[in-house]
Amino acid sequence: MTLSHTQVWVLILGCAALTALIKAFGPVLLGGRELPPWFTRVIVLMAPTLLCALVVTSVLASGRSWSVGAHTVGVAVAGVMLWRRQSLVLCVVVAVLVTAGLRAI
């Protein structure tokens, strides 16, 4: 199943709204009761998941279609470097150099 550009953004905005609603109204509706541990783990992961969706959409979307190019490789290289605990500045510089090098080819 493929989603259109508009559907992807509607999904992202829906997730953002749902996250905000749960975080805003959750404590009021619970009235001081504790959430089950499994539900707390889901809530904690909603914001990073939304951020990941925004990053993936920004990197892979080209107009109204999805594409993979030099910029995708640059972001992937930076991601691997960050995962390996490299400096953020170094990751950005290497990502820019990789992207520029691939575009020059």
Item checked: Minimum-distance pair of heavy atoms, taken over all atoms of Thr72 and Val68 -> OG1-CA, 3.6 Å
Can you give the donor-acceptor pairs under 3.5 Å from side chains of residues 7-16 to other protein atoms, not counting sequence neighbours?
residue	atom	partner	partner atom	Å
Gln7	OE1	Ser4	N	2.8
Gln7	OE1	Ser4	OG	3.4
Trp9	NE1	His5	NE2	3.3

Item checked: For the student: nearest non-hydrogen atoms of Thr99 and Ala70, plus distance -> OG1-O, 3.6 Å
Contacts table for residues 36-57: side-chain donor-acceptor under 3.5 angstrom, sequence neighbours left out:
residue	atom	partner	partner atom	Å
Thr40	OG1	Pro36	O	3.2
Thr49	OG1	Leu45	O	2.6
Thr57	OG1	Ala53	O	2.8

Check: Do you know the tightest heavy-atom contact between Met81 and Leu90?
Finding: CE-CG, 3.8 Å
Check: At their closest point, which heavy atom of Ala95 faces which heavy atom of Gly74, and how far apart are they?
Finding: CB-O, 3.3 Å
Notebook entry, point to check: Hey, any chance Val94 and Ile105 share a hydrophobic cluster, counting ILVMFWY side chains that come within less than 4.5 Å of each other, even indirectly?
Noted result: yes
